[in-house]
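Report on the following structure.
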Protein chains: 2
Amino acid sequence: MNEKIKIRRIDYLPARQVTFSKRRRGIFKKAEELSILCESEVAVIIFSQTGKLFDYSSTSTKDVIARYKSHTGGEKSDQITLHQLQSEKENTIRLSKELEDKTRKLRHMKGEDLQDLDLDQLNKLEKLVEVSIGRVIKTKEKKIMSEIMALTNKGAELIEANNQLKQRLVMLSAGGDIEPAAIMELENLNNVGEEGMTSESATNVTACSSSALSLEDDCSDILSLKLGLP
Amino acid sequence: MNEKIKIRRIDYLPARQVTFSKRRRGIFKKAEELSILCESEVAVIIFSQTGKLFDYSSTSTKDVIARYKSHTGGEKSDQITLHQLQSEKENTIRLSKELEDKTRKLRHMKGEDLQDLDLDQLNKLEKLVEVSIGRVIKTKEKKIMSEIMALTNKGAELIEANNQLKQRLVMLSAGGDIEPAAIMELENLNNVGEEGMTSESATNVTACSSSALSLEDDCSDILSLKLGLP
DNA sequence: CGCGCTATTTTTAGCAG
DNA sequence: CCTGCTAAAAATAGCGC
């Protein structure tokens with residue numbers, strides 16, 4: 001009366017639902033029998049097509065899953081994560097301490113929170129800051145010098161270019177139709193440029209920076225008159 | 001020929017092993033049939049009595065377990081840990097950046113790695129360091145002053161104590177059996193103490209520290225002659 | 001551990017309620 | 001969704017290899 005069915009998806013929904021129900025019970029029963037007959041731990045997890053969960057376990061599905069994870073090296077996703085977390089926390093603590101240390105040192109370098117330093121530490125700090133200001137000033141001088149050199153060179157190039165332009169104009173005016181007044185204007189322009197760009201003024205700026213610190217702002221203001229350098 | 005067996009532990013080990021093997025296969029087969037027939041997701045996890053793991057899954061046992069956990073709300077211990085880890089990593093990144101920033105600033109304050117600063121930054125840095133050295137020197141002066149005050153007071157106390165001791169000795173010697181030479185020795189000791197502890201020398205030290213920085217070592221050396229203060 | 005065999009038990013497809 | 005029925009199919013206990 002009954003037909004042997006092929007193991008393939010049951011298309012007719014009601015039949016499929018009935019089969020699902022029956023066979024599910026069957027598996028659960030078999031699982032229980034196995035666990036009793038052979039004293040083994042069994043868990044069966046089934047999700048129906050509609051996403052509903054059915055599970056059987058001889059003990060506790062979660063326990064079996066835990067045992068499964070520990071058995072398959074499932075520590076990977078769990079214990080390694082815990083290790084990572086631990087490691088990251090240690091990292092955080094270490095970084096926090098370093099940051100605290102650096103912050104304290106920085107405050108000391110800025111002359112803050114000095115109350116808890118003793119005389120010896122204060123002396124060392126003073127020397128450190130003195131060395132620092134020396135380096136800062138030295139670096140600033142170099143920077144100023146190089147900027148001035150650049151400006152001087154640029155100025156020289158401009159003067160040279162102007163001279164060449166003037167010569168061309170003279171040559172052209174020799175050809176006839178340019179007034180002498182135009183050439184005079186160009187020469188005046190050139191003179192203005194030379195006044196701002198003598199190497200003499202560069203020397204003055206450097207000297208001012210290294211000897212009288214309170215004049216630094218004036219120095220930088222002078223340098224702010226750049227000729228549009230990059 | 002065959003007997004119906006009762007569902008209870010099989011005592012005879014070989015039979016139990018065989019049954020375990022056969023029924024295990026049977027369950028796996030049933031599980032597979034169910035998953036195909038009803039388009040469902042099935043996982044079976046079996047631990048033999050000896051602790052050996054056997055598992056079947058229509059897809060992946062781990063996937064089914066993950067789905068099971070998300071279904072039962074087992075996300076607690078896992079996803080929260082992941083969130084913590086994420087949070088800690090962000091913490092680490094933030095701290096690293098802050099540390100890097102502080103380190104850079106500290107190096108600048110020490111006058112190191114100044115090449116990449118422009119003139120404006122150098123000027124600000126210079127002012128910062130100048131302010132700093134002013135504060136350091138001021139703090140040092142206060143410290144020196146308070147130490148000198150403490151030493152002066154200590155010296156005065158000692159002189160007072162010595163005087164009292166002297167008077168007691170004089171009174172005792174009036175009683176008869178002490179030579180005058182011992183009293184002279186005590187007075188000499190007292191004079192040495194007063195020479196090292198005048199408020200005049202304290203003023204000198206303070207002046208030297210605020211005006212001539214290169215003399216700082218001498219100042220601290222003078223102060224190193226402590227009278228055993230805590 | 002596996003495989004095969006056979007008699008027996010168990011499961012289950014299909015249908016009805 | 002369940003229950004019960006029945007006949008067919010499947011699983012399996014016990015055995016030997």
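In what follows, chains are A, B, ... by sequence order, proteins preceding strands, each numbered from 1. Computation of the quantities below employed the complete heavy-atom set of this structure, encompassing side-chain atoms and omitting hydrogens, waters and symmetry-equivalent molecules.
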For B:Arg16 and D:dG14, what is the distance between atoms CZ and P respectively, to the nearest whole Å?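 Result: 14 Å.
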What is the separation between atom CG on A:Leu34 and atom P on C:dT10, rounded to the nearest whole Å?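 These atoms are roughly 16 Å apart.
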Could you tabulate the donor-acceptor pairs under 3.5 Å formed by side-chain atoms of residues 31-38 of chain A, not counting sequence neighbours?
residue: A:Glu33; atom: OE1; partner: B:Arg23; partner atom: NH1; Å: 2.7
residue: A:Ser35; atom: OG; partner: A:Glu32; partner atom: O; Å: 2.7

Between C:dC1 and D:dC17, how far apart are the two P atoms, rounded to whole Å?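 Rounded to whole Å, the distance is 23 Å.
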What residues, two or more places apart in sequence or in another chain, satisfy salt bridge (charged side-chain N to carboxylate O under 4.0 Å, His left out) together with B:Asp63? none
For nucleotides 10-13 of chain D, list the nitrogen or oxygen atoms of the protein found under 3.5 Å from its nitrogen or oxygen atoms, one pair per line.
residue: D:dA11; atom: OP2; partner: B:Lys29; partner atom: NZ; Å: 2.6
residue: D:dA11; atom: O3'; partner: A:Lys30; partner atom: NZ; Å: 3.3
residue: D:dT12; atom: OP1; partner: A:Lys30; partner atom: NZ; Å: 3.3
residue: D:dA13; atom: OP1; partner: B:Arg23; partner atom: NE; Å: 2.7
residue: D:dA13; atom: OP1; partner: B:Arg23; partner atom: NH2; Å: 2.7
residue: D:dA13; atom: OP2; partner: B:Thr19; partner atom: OG1; Å: 3.3
residue: D:dA13; atom: N7; partner: B:Lys22; partner atom: NZ; Å: 3.1
residue: D:dA13; atom: N3; partner: B:Asn2; partner atom: OD1; Å: 2.9
residue: D:dA13; atom: N3; partner: B:Asn2; partner atom: ND2; Å: 2.3

Five pairs at each end of the helix from C:dG2-D:dC17 to C:dG17-D:dC2: take the axis at both ends and give me the angle between them to 10°. 50°
Would you check if there is a donor-acceptor pair between the side chains of B:Glu88 and A:Thr92 at a distance under 3.5 Å?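 A pair is found: one side chain offers a donor N or O, the other an acceptor, under 3.5 Å apart.
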Closer than 4.0 angstrom, basic N to acidic O: yes or no for B:Lys124 and B:Asp120?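 So B:Lys124 pairs with B:Asp120 through a salt bridge.
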Using a strict threshold of under 4.0 Å (side-chain N to carboxylate O), is an ion pair present between A:Asp101 and A:Lys97? no
Checking all strands, does A:Lys6 fall into the base, sugar-phosphate, or nothing category for heavy-atom contacts under 4.0 angstrom?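 Nothing, no nucleic acid heavy atom in range.
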State whether A:Ser21 places a side-chain N or O below 4.0 Å from either non-bridging phosphate oxygen (OP1 or OP2) of D:dC1. no
For B:Lys102, all residues meeting side-chain contact (heavy atoms from CB on, under 4.5 Å), sequence neighbours excluded: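 For B:Lys102, the residues satisfying side-chain contact (heavy atoms from CB on, under 4.5 Å) (neighbours in sequence not counted) are A:Leu99, A:Lys102, A:Thr103, A:Leu106.
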Which donor-acceptor pairs under 3.5 Å do the side chains of residues 49-58 of chain B make with protein atoms, sequence neighbours left out?
residue: B:Gln49; atom: OE1; partner: B:Arg16; partner atom: NE; Å: 3.4
residue: B:Gln49; atom: OE1; partner: B:Arg16; partner atom: NH2; Å: 3.0
residue: B:Gln49; atom: NE2; partner: A:Glu39; partner atom: OE1; Å: 2.5
residue: B:Thr50; atom: OG1; partner: B:Ser48; partner atom: OG; Å: 2.8
residue: B:Asp55; atom: OD2; partner: B:Thr61; partner atom: OG1; Å: 2.5
residue: B:Ser57; atom: OG; partner: B:Val42; partner atom: O; Å: 3.3
residue: B:Ser57; atom: OG; partner: B:Thr59; partner atom: N; Å: 3.2
residue: B:Ser57; atom: OG; partner: B:Ser60; partner atom: N; Å: 3.3
residue: B:Ser57; atom: OG; partner: B:Thr61; partner atom: N; Å: 3.4
residue: B:Ser58; atom: OG; partner: B:Val42; partner atom: N; Å: 2.9
residue: B:Ser58; atom: OG; partner: B:Val42; partner atom: O; Å: 3.4

Say you draw a straight line from CD of B:Glu147 to OG1 of B:Thr152; how long is it, rounded to the nearest 0.5 Å?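 B:Glu147 CD to B:Thr152 OG1: 11.0 Å, rounded to 0.5 Å.
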